[in-house]
Participant: 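Have a look at this one before I ask anything.
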Amino acid sequence: MSTVTSARELAHPARDEIRLEGVLHALSDPMRMRIVREMASADEAELSCSYFVLPVTKSTTTHHFRVLRESGVIQQVYRGTAKLNGLRRDDLDALFPGLLDAVLAAAAGEADRLGGARTS
């Protein structure tokens with residue numbers, strides 16, 4: 001895991017530290033999958049935490065973002081007072097070609113089959 005040099009920097013795994021089981025675990029939770037789907041479909045490369053409206057408490061939302069960051073699915077950086085989140089698509093595609101697209105397609109298919117975006 002990369003080291004943190006200040007309180008405003010967050011630890012992220014280097015590309016070669018990202019493990020398939022960690023990515024799959026992070027994506028196995030419906031709230032985290034919802035976050036990743038929103039990030040993948042957004043026009044912006046980075047989205048603030050406040051962009052996401054989730055039906056869970058703030059502390060639970062923070063937990064979900066931490067799991068995604070520590071697994072290597074997202075990158076989080078501070079820009080001023082905002083914490084911005086970006087999908088680590090290049091890293092994931094290099095390590096696990098086609099995985100992210102397949103998971104996103106499966107999640108979209110499931111949402112269609114179940115009659116809308118699944119939130120829980």
Side-chain angles (χ1 to χ4, degrees):
M1 177 107 22
S2 61
T3 58
V4 177
T5 58
S6 79
R8 299 288 291 171
E9 288 184 36
L10 300 163
H12 298 83
R15 179 186 280 191
D16 63 348
E17 296 173 322
I18 297 172
R19 298 289 176 254
L20 179 60
E21 61 272 15
V23 172
L24 293 175
H25 167 74
L27 296 176
S28 70
D29 182 88
M31 283 299 116
R32 293 192 290 267
M33 191 69 237
R34 179 174 168 174
I35 291 167
V36 171
R37 286 184 68 202
E38 287 186 35
M39 292 176 80
S41 67
D43 292 332
E44 298 84 20
E46 295 178 325
L47 299 170
S48 70
C49 291
S50 63
Y51 173 88
F52 301 91
V53 180
L54 302 175
V56 295
T57 65
K58 185 176 179 182
S59 63
T60 301
T61 298
T62 299
H63 166 75
H64 287 310
F65 277 103
R66 182 177 51 80
V67 170
L68 289 167
R69 177 176 45 82
E70 290 178 350
S71 69
V73 174
I74 67 170
Q75 176 87 20
Q76 291 185 304
V77 295
Y78 281 102
R79 300 252 196 281
T81 59
K83 189 187 294 182
L84 299 180
N85 306 280
L87 196 55
R88 292 180 67 177
R89 181 179 282 279
D90 290 344
D91 290 335
L92 295 173
D93 287 345
L95 293 167
F96 317 112
L99 175 68
L100 186 58
D101 289 333
V103 169
L104 290 168
E110 179 179 70
D112 290 344
R113 182 173 49 85
L114 297 175
R118 190 167 172 210
T119 60
S120 60

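All of these numbers come straight from a predicted model, not from anything done at the bench.
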Participant: How close do Met39 and Leu47 get, heavy atom to heavy atom, and via which atoms?
Facilitator: CA-CD1, 4.0 Å

Participant: Between the side chains of Ser59 and Thr62, is a donor N or O closer than 3.5 angstrom to an acceptor N or O?
Facilitator: no

Participant: When you compare the side chain of Glu110 with that of Pro30, does any pair of heavy atoms fall below 4.5 Å?
Facilitator: no

Participant: Decide whether Leu54 and Val36 are clustered together by the hydrophobic rule: side chain heavy atoms of Ile, Leu, Val, Met, Phe, Trp, Tyr closer than 4.5 Å, transitively.
Facilitator: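 In one cluster with Leu54: Val36, yes.
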
Participant: Show the nearest heavy-atom pair for residues Phe96 and Arg19, with the distance to one decimal.
Facilitator: CZ-C, 3.9 Å

Participant: What I'd like to find out is whether the side chain of Arg79 reaches to under 4.5 Å of the side chain of Glu46, using heavy atoms alone.
Facilitator: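 Contact flag for Arg79/Glu46 side chains = yes.
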
Participant: So, do His12 and Ile74 sit near enough that their side-chain heavy atoms are less than 4.5 Å apart?
Facilitator: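 Heavy-atom side-chain distance check fails, nothing below 4.5 Å.
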
Participant: Nearest 0.5 angstrom please: Ser28 OG to Glu21 CD, how far?
Facilitator: 12.5 Å

Participant: List the steps and the verdict of side-chain contact (heavy atoms from CB on, under 4.5 Å) for Ile35 and Phe65.
Facilitator: CA-CA 8 Å; Ile35 291 167; Phe65 277 103; 3.8 Å; yes

Participant: Salt bridge or not between Asp101 and Arg89? Use side-chain N to carboxylate O under 4.0 Å.
Facilitator: yes

Participant: Please examine the side chains of Leu10 and Tyr78, heavy atoms only from C-beta on, and report whether any two atoms are closer than 4.5 Å.
Facilitator: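 A side-chain contact under 4.5 Å exists here.
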
Participant: Within the 4.5 Å heavy-atom criterion, are Asn85 and Cys49 side-chain neighbours or not?
Facilitator: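 Result yes, sub-4.5 Å side-chain heavy-atom pair found.
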
Participant: Start with the C-alpha gap between His63 and Val56, add the side-chain angles, then the distance that decides, and say whether side-chain contact (heavy atoms from CB on, under 4.5 Å) holds.
Facilitator: CA-CA 11 Å; His63 166 75; Val56 295; over 6 Å; no

Participant: What are the two closest heavy atoms between Arg15 and Leu95, and how far apart are they?
Facilitator: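 That closest heavy-atom pairing would be O-CD1, 3.2 Å.
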
Participant: Please find the pair of heavy atoms, one from Pro13 and one from Ile18, that lie closest to each other, and give the distance.
Facilitator: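 For Pro13 versus Ile18, the nearest heavy atoms are CG-CG1, 4.1 Å.
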
Participant: Rounded at 0.5 Å granularity, tell me how far CG in Leu24 sits from OG in Ser71.
Facilitator: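 Here the interatomic distance stands at 9.5 Å.
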
Participant: Please round to the nearest 0.5 Å and tell me the distance separating atom CG of Leu87 and atom OG of Ser41.
Facilitator: 10.5 Å

Participant: Given Leu99 and Leu20, is the side-chain contact (heavy atoms from CB on, under 4.5 Å) satisfied, shown in steps?
Facilitator: CA-CA 10 Å; Leu99 175 68; Leu20 179 60; 3.7 Å; yes

Participant: Would you check, one step at a time, whether the test side-chain contact (heavy atoms from CB on, under 4.5 Å) holds for Gln75 with Val77?
Facilitator: CA-CA 7 Å; Gln75 176 87 20; Val77 295; 4.2 Å; yes

Participant: Of all heavy-atom pairs between Arg88 and Gly72, which one has the smallest distance, and what is that distance?
Facilitator: CD-O, 3.3 Å

Participant: On a heavy-atom basis, which atom in Arg32 and which in Ala26 lie closest, and how many Å separate them?
Facilitator: NE-O, 2.9 Å

Participant: What distance separates Ser50 OG from Lys83 NZ, expressed to the nearest 0.5 Å?
Facilitator: 12.0 Å

Participant: Is a side-chain N or O of Glu70 found less than 3.5 angstrom from the main chain of Val67, in a donor-acceptor match?
Facilitator: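 A pair under 3.5 Å: no.
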
